[in-house]
S.K.: 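Below is a structure I'd like to ask you about.
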Amino acid sequence: MCTAATYQTKDFYFGRTLDYEFSYGDEIVITPRNYQFDFRHRESLQSHYAMIGMAHVVGNDPLYYDAFNEKGLAMAGLNFVGNASYYDVEEGKENIAQFEFIPWILGTCATLDEAKKALSEMTLTNTPYSEQFPVAQLHWIIADKTGAITVEAMEDGMHVYENKVGVLTNNPPFNIQMFLLNQYMGLSPKQPENLFAKDIELNAYSRGMGAIGLPGDLSSSSRFAKVAFTKLHSVSGNSEAESVSQFFHILGSVDQQRGCCDVNGKYEITLYTSCCNAQKGIYYYTTYDNHQISAVDMTKEDLDSTELIKYEVIQGEHIFMQN
C-alpha cells in the first residue's frame, strides 16, 4: 500500500510513501539524457529528458516506482490490485508496456499537458518484464506545478481523471475515492461546535480537537482522506527547509508502523518516503530505519552521460547526540 501527494509553496514538490513487507533492493537512480531506453514495441529512445527517482535496477533497466524529470514533471505508480487491467498491442498506437510507462512519459513529456496528449495516443500493454517480474497492477499520478492527473487502466478502458486534491493511494478507483470525501465535508481544523442536537449540552472537552472524525486507520480510502485533508490545510513557509519538512509531515500522517498491518505473518511498513523538489532537481528521502532526511541533487551530475547514476539508500538510524 502506498500514498502519493503534491505540494506547492514557492516551488513544486512531489513524493510518496512505499508501504510493503519487504524491499526489492531500491536505489536512487538518475537516468541521464543519453542513456538508451529500449522499448518492447517501439524503437529505442536514444536521447530524452533526464530523470531521477527511486527504482529497482534489473540488469541495466531502471524500474521506477516514482521519479521526476529535469523539466519538473513527476510521476508515481501505486498498487491497484484487482482493478488494473492492461491491453493487447494495438496497431496505430504507441504501445508502451506497463513497466515502461514512467520512463516513456518522463522521457518524452516536459509538461502535464504534453503527458495528457501522449496518453491519448498510447496503449498501455500487458507485456511482462520477465517471468521473474510479471505485470504489476498499478495506477499512476502524474503532476507538475500546474496540476495533477490520475491514470487508471481498467477492463473498460483507460481513465484519466483531473486530480484536484493532488493525492493518490490504492483501491477503490479514483472516482470512488473522490466521492467518499463527501462524508468528510463537515470536517474542520478548528475546534468543533455542537451541531449534534441543540437541546443537549455538549462541549469540546480539550484542546486539539480540530479535524475530529478524520479517519486514522491504514486502509487506502482512509489514507486518501487523511492525506488530502492534511495537505489541503497545511501551512508552511516558502523556504526549502520549511517546505521539505512540511511535506514529510504531510506524508508522515499515514506512516505504517511494523506490527500494525499483518500480511500473512509479515508486516507492511513504510519502507521509504520521498519528497522531490521538481523544480530544483533534488530527491529527498527517509526510510523506516533512518529518519534523517537524505538527498540527491541530479543537477550536480553529468546529465549528458549514457550510463545510469545510482546511489545506495542510506539505512540505519542516525541520532545526533547533544552531550
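Because the structure is predicted, anything quoted here is derived from the model rather than measured.
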S.K.: Indicate whether any N or O donor in one side chain lies under 3.5 Å from an N or O acceptor in the other, for Thr169 and Arg223.
M.R.: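 No, no side-chain donor-acceptor pair sits under 3.5 Å.
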S.K.: Does a sphere of radius 6.0 Å around CD in Glu121 hold more than 12 heavy atoms from other residues, nucleotides or ligands, not counting ones at 6.0 Å or beyond?
M.R.: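 Counting neighbours around CD of Glu121, more than 12 heavy atoms of other residues, nucleotides or ligands fall under 6.0 Å, so yes.
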S.K.: Output yes when a side-chain donor or acceptor of Ser253 lies under 3.5 Å from a complementary backbone atom of Ile250, and no otherwise.
M.R.: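 Yes.
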S.K.: So which residues get pulled into Ile200's cluster when ILVMFWY side chains under 4.5 Å apart are joined, directly or through others?
M.R.: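 Same cluster as Ile200: Phe196, Leu202.
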S.K.: Are Tyr65 and Asp26 linked by a side-chain donor-acceptor pair shorter than 3.5 Å?
M.R.: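 Distance-only check passes for Tyr65 and Asp26.
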S.K.: Could you tell me which residues satisfy side chain to side chain contact (heavy atoms under 4.5 Å, CB included) with Asp262, sequence neighbours excluded, listed by chain and number?
M.R.: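 Partners of Asp262 by the side chain to side chain contact (heavy atoms under 4.5 Å, CB included) criterion, ordered by chain and then number, come out as Tyr267.
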S.K.: How far apart are the closest heavy atoms of Ala76 and Asp66, and which atoms are they?
M.R.: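 Taking every non-hydrogen atom into account, CB-CB, 3.7 Å.
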S.K.: Which atom names give the shortest non-hydrogen contact between Tyr64 and Thr31, and what distance separates them?
M.R.: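 Looking at all heavy atoms of both residues, the closest pair is OH-OG1, 2.7 Å.
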S.K.: Holding to ring-ring contact (aromatic ring centres under 6.0 Å, His included), I want the full list of residues that pass it with Tyr24, two or more places apart in sequence or in another chain.
M.R.: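 Tyr24 satisfies ring-ring contact (aromatic ring centres under 6.0 Å, His included) with Phe22, His56 only.
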S.K.: Any side-chain donor-acceptor pair under 3.5 Å between Asp113 and Thr111?
M.R.: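 No, no side-chain donor-acceptor contact under 3.5 Å.
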S.K.: Is it true that the side chains of Asp38 and Gln36 contain a donor and an acceptor less than 3.5 Å apart?
M.R.: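 Yes, because at least one side-chain N or O of Asp38 sits under 3.5 Å from a partner of the opposite role on Gln36.
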S.K.: Quick test of your reading: applying side-chain hydrogen bond (donor to acceptor under 3.5 Å, both in side chains), list the pairs with at least one residue in residues 136-146, sequence neighbours left out, ordered by first then second residue.
M.R.: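 Of all non-adjacent pairs touching residues 136-146, those that pass side-chain hydrogen bond (donor to acceptor under 3.5 Å, both in side chains) are His139-Glu152, Asp144-Thr146.
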S.K.: Determine all donor-acceptor pairs shorter than 3.5 Å in which one atom belongs to a side chain in residues 158-168; sequence neighbours excluded.
M.R.:
| residue | atom | partner | partner atom | Å |
| --- | --- | --- | --- | --- |
| His159 | NE2 | Asp156 | OD1 | 2.8 |
| His159 | NE2 | Asp156 | OD2 | 3.4 |
| Glu162 | OE2 | Lys116 | NZ | 2.9 |
| Asn163 | OD1 | Val165 | N | 3.4 |
| Asn163 | OD1 | Gly166 | N | 2.8 |
| Asn163 | OD1 | Val167 | N | 3.4 |
| Asn163 | ND2 | Thr150 | OG1 | 3.0 |
| Asn163 | ND2 | Val167 | O | 2.9 |

S.K.: For Glu90 and Thr123, which I'm curious about, is there any donor-acceptor pair between the side chains at under 3.5 Å?
M.R.: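 Result is yes, a qualifying pair exists.
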S.K.: Report the relative orientation of the aromatic rings in Tyr7 and Tyr13; use parallel for angles under 30°, tilted for 30 to 60°, perpendicular for over 60°.
M.R.: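 The rings of Tyr7 and Tyr13 sit tilted, inter-plane angle from 30° to 60°.
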S.K.: How close do Pro172 and Ile176 get, heavy atom to heavy atom, and via which atoms?
M.R.: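 Taking Pro172 first and Ile176 second, the nearest heavy atoms are CG-CG2, 3.7 Å.
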S.K.: I need the full list of side-chain hydrogen bond (donor to acceptor under 3.5 Å, both in side chains) pairs touching residues 288-297, with sequence neighbours left out, sorted by first then second residue.
M.R.: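 Those involving residues 288-297 are His291-Glu317, Asp297-Thr299.
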S.K.: So, Asn203 and Asn194: side-chain donor and acceptor under 3.5 Å apart, yes or no?
M.R.: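 No, no side-chain donor-acceptor pair sits under 3.5 Å.
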